[in-house]
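In what follows, chains carry the letters A, B, and so on, assigned in the order in which the sequence lines appear, proteins first and then strands, with residues in each chain numbered from 1.
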Protein chains: 2
Amino acid sequence: MNNHQWPVPEGEGVISAPPASSLRDENQPAGEVERLYLEIFDAVIDQRLRPGVKLTEAVLCDAFACSRGTVRAALAQLQHDKIVELQPNRGAFVAQPDIKETRDVFEARRMVEAAILDKLLSLPDLPDRLQQLWQMVRQERVAFERQDRVSWIRLSNAFHVQLVRLAENEVLTELMNSLCSRTSLIIALYDKPGCSACSFDEHEQILQHLSRGDRQAAQQAMRQHLQDCEQRMHFADRNVPDPWTMFHRQL
Amino acid sequence: MNNHQWPVPEGEGVISAPPASSLRDENQPAGEVERLYLEIFDAVIDQRLRPGVKLTEAVLCDAFACSRGTVRAALAQLQHDKIVELQPNRGAFVAQPDIKETRDVFEARRMVEAAILDKLLSLPDLPDRLQQLWQMVRQERVAFERQDRVSWIRLSNAFHVQLVRLAENEVLTELMNSLCSRTSLIIALYDKPGCSACSFDEHEQILQHLSRGDRQAAQQAMRQHLQDCEQRMHFADRNVPDPWTMFHRQL
DNA sequence: CTGTCGATAATTGTCAACAATATTTTGGAA
DNA sequence: TTCCAAAATATTGTTGACAATTATCGACAG
């Protein structure tokens, strides 16, 4: 299992094997549709499925050996998470967030993550809880140094999600999970590989401020981090995935 | 259309006709499943479907004259929004948020709504935009005075959603929509009808502080408003919807 | 009377076929 | 050749049926 061949927009070749663990919680009993959901979700986040690619139902249910009913259920859920766009009678496409959505997502993240930092700083044992995050930042550095872009994006998201998880609020955790996955799509569309600076460095700084209990500095660092990320997006010469698909989406 | 007979836990009689407009945005082309989604969603928010009630697929597709595939798709989406709980091979139940979830939802709301007030206060033409909200508060008062509990809850939610909408951020709006609907479920479960004080009064105060541009007071009023609402919840003698259902949910 | 086991009934999970819609190809005329 | 129309193909939307699982009821032993 798990070594299917994804539909590729152009001739990008066979994708590498998907990673074992997902960003999302695996608390549910996980039926057939949940498996498909996670499979496609991961593929989009890892950019094995580029934004704008059409997800033909027949291809999917062939790739995963399941019926179209299952595929449709999974796609419906993904649409609800804004990971795919479901056009009536046309089919499902990996979502292509526009400039407005980019602005909204990052603004929401700045708001929510600032509030979360505030709460975290009121925890008495915060430095202890931060241990695992230091570990995570080290992994980020490794992924960055060996140019492993997929792992880097995945770990970068995981950092923010794990940070929220420390607040022990399920609602906020799921919320951040959703925002992070949408951010991944945005990065896939608008970020230039060359420009993706050392964000693990900024993560490290945030951790330092947090463990020192410096509220002001932590807030500022997080705000700057998110703002930097947003401003790395280039909307002019966008990362067009596939002229054929673009044409048929009337853009 | 729209005058179906909902499955009722005990002998609560026939439900009243559902209201015309929904809380949720109706931007999508609205397929068959979207209709079902909204129908069930509204019924839950309006408490015509009480928490814990089982939603049998056959009953639903009989009530709305559609196939089970449609019903399953709608239920899957509702599960994703935490409006219904989908137990594998057991069926769908209207969600019953527990104490922890209640805490988390209200904490998330305090965080997000505080941040939103901050943003709103930076808008130059805020007082103009607040016009429609004054109108809304008046409606709340009317609903409260004629003891129309359903309209009151609906309008109370709408107030918060509309307030967020002024910030012109789609992501935040949808987020608040989700949080408000979950709040409705919580109120249905844990609030005593008698105790639901004059919250429209608190809404009015928030508006006053906002139109005066008094950041400190507005923040405090919103915080207090949400905290009051949360503390009106009584977890001891909970509003048990149906012993039969409760039993089979292993509680 | 209570609790356990087994058969029956009801409900969900999955699938395959059909109808509706959209896309591609084909054919012909300017 | 280029453009337009219409048949042909492909894909999605919907439905109904069947298999798998679970809930209900009744018989029976303790």
Side-chain angles (χ1 to χ4, degrees), chain A residues 1 6-9 28-40 49 52-80 83-95 242-251, chain B residues 1 6-7 9 28-40 49 52-80 84-95 242-251:
Chain A
M1 190 209 276
W6 278 102
V8 187
Q28 268 122 337
E32 196 72 0
V33 342
E34 196 68 14
R35 181 177 69 93
L36 243 187
Y37 176 97
L38 291 176
E39 209 84 46
I40 301 177
L49 282 174
V53 170
K54 169 155 189 182
L55 299 174
T56 305
E57 296 179 357
V59 174
L60 291 176
C61 69
D62 182 54
F64 293 106
C66 62
S67 176
R68 276 183 53 221
T70 311
V71 172
R72 287 176 69 79
L75 289 177
Q77 301 225 8
L78 286 162
Q79 175 195 34
H80 212 253
I83 299 300
V84 311
E85 187 186 350
L86 218 50
Q87 299 183 22
N89 287 321
R90 301 269 328 279
F93 302 84
V94 178
D242 179 1
W244 181 84
T245 306
M246 296 302 286
F247 169 73
H248 284 294
R249 298 183 76 238
Q250 298 122 316
L251 284 174
Chain B
M1 193 210 274
W6 278 103
Q28 268 122 337
E32 197 71 0
V33 340
E34 196 68 12
R35 182 177 68 93
L36 243 187
Y37 177 97
L38 291 176
E39 209 84 46
I40 302 177
L49 281 174
V53 171
K54 168 153 188 181
L55 300 174
T56 305
E57 296 179 357
V59 175
L60 290 176
C61 70
D62 182 54
F64 294 106
C66 63
S67 176
R68 276 185 52 222
T70 311
V71 172
R72 289 177 67 80
L75 289 178
Q77 301 223 8
L78 287 163
Q79 174 195 36
H80 213 255
V84 311
E85 186 186 349
L86 217 50
Q87 299 182 22
N89 287 319
R90 300 265 333 274
F93 303 83
V94 178
D242 179 2
W244 180 85
T245 305
M246 295 301 288
F247 170 73
H248 284 294
R249 298 184 76 236
Q250 298 120 318
L251 282 176

Participant: Between Glu85(A) (CD) and dT12(D) (P), how many Å, whole number?
Facilitator: 14 Å

Participant: How close do Tyr37(B) and Ala74(B) get, heavy atom to heavy atom, and via which atoms?
Facilitator: N-CB, 4.0 Å

Participant: With sugar-phosphate meaning primed atoms plus P, OP1 and OP2, does Thr56(A) contact a base, only sugar-phosphate, or nothing at under 4.0 Å between heavy atoms?
Facilitator: sugar-phosphate

Participant: To the nearest 0.5 Å, tell me how far Asp62(B) CG sits from Glu57(B) CD.
Facilitator: 13.5 Å

Participant: Rounded to the nearest 0.5 Å, how far does CZ of Arg90(A) lie from CD of Glu85(A)?
Facilitator: 9.5 Å

Participant: Where the side chain of Thr70(A) is defined as all heavy atoms beyond and including C-beta, which of dT12(D), dT11(C), dC15(C) is the nearest nucleotide?
Facilitator: dC15(C)

Participant: Taking atom types as they are modelled, would you say the side chain of Arg90(A) forms a donor-acceptor pair with the base of dG13(D) within the 3.5 Å cutoff?
Facilitator: no

Participant: Atom CD of Glu34(A) and atom C1' of dT14(C): how far apart are they, to the nearest Å?
Facilitator: 17 Å

Participant: Report the distance from atom CZ of Arg72(B) to atom SG of Cys61(B), rounding to the nearest 0.5 Å.
Facilitator: 11.5 Å

Participant: For Gly91(B), report the nucleic acid contact type (base, sugar-phosphate, nothing); a contact means any heavy atom under 4.0 Å.
Facilitator: sugar-phosphate

Participant: To the nearest angstrom, how far is Arg68(A) atom CZ from dG13(D) atom P?
Facilitator: 8 Å

Participant: Can you check the Phe64(A) CZ to dT14(C) C1' distance for me, whole Å?
Facilitator: 18 Å

Participant: Expressed as a whole number of angstroms, how long is the span from Lys54(A):NZ to dT24(C):C1'?
Facilitator: 12 Å

Participant: Atom CD of Gln87(B) to atom C1' of dT22(D): distance rounded to whole Å?
Facilitator: 12 Å

Participant: What are the two closest heavy atoms between Gln79(A) and Leu86(A), and how far apart are they?
Facilitator: NE2-CB, 3.3 Å

Participant: Atom CD of Glu57(A) and atom C1' of dC15(C): how far apart are they, to the nearest Å?
Facilitator: 14 Å

Participant: Could you tell me the separation between the CG atom of Leu49(A) and the CD1 atom of Ile83(A), rounded to the nearest 0.5 Å?
Facilitator: 11.5 Å

Participant: Select one nucleotide: of dC15(C), dG13(D), dT15(D), the one nearest the side-chain heavy atoms of Ser67(B).
Facilitator: dT15(D)

Participant: Under 4.0 Å between a side-chain N or O of Arg72(B) and OP1 or OP2 of dG13(C)?
Facilitator: yes

Participant: Roughly, in whole Å, what's the span from CG in Leu36(B) to P in dT15(D)?
Facilitator: 11 Å

Participant: Tell me which nucleotide among dT14(D), dA17(D), dT22(D) gets nearest to the side chain of Asn89(B).
Facilitator: dT22(D)

Participant: Please identify each residue that fulfils side chain to side chain contact (heavy atoms under 4.5 Å, CB included) with Ala76(B), with sequence neighbours left out.
Facilitator: Gln77(A)

Participant: Just report the end-to-end axis angle for the helix from dC1(C)-dG30(D) to dA30(C)-dT1(D), five pairs per end, to 10 degrees.
Facilitator: 10°

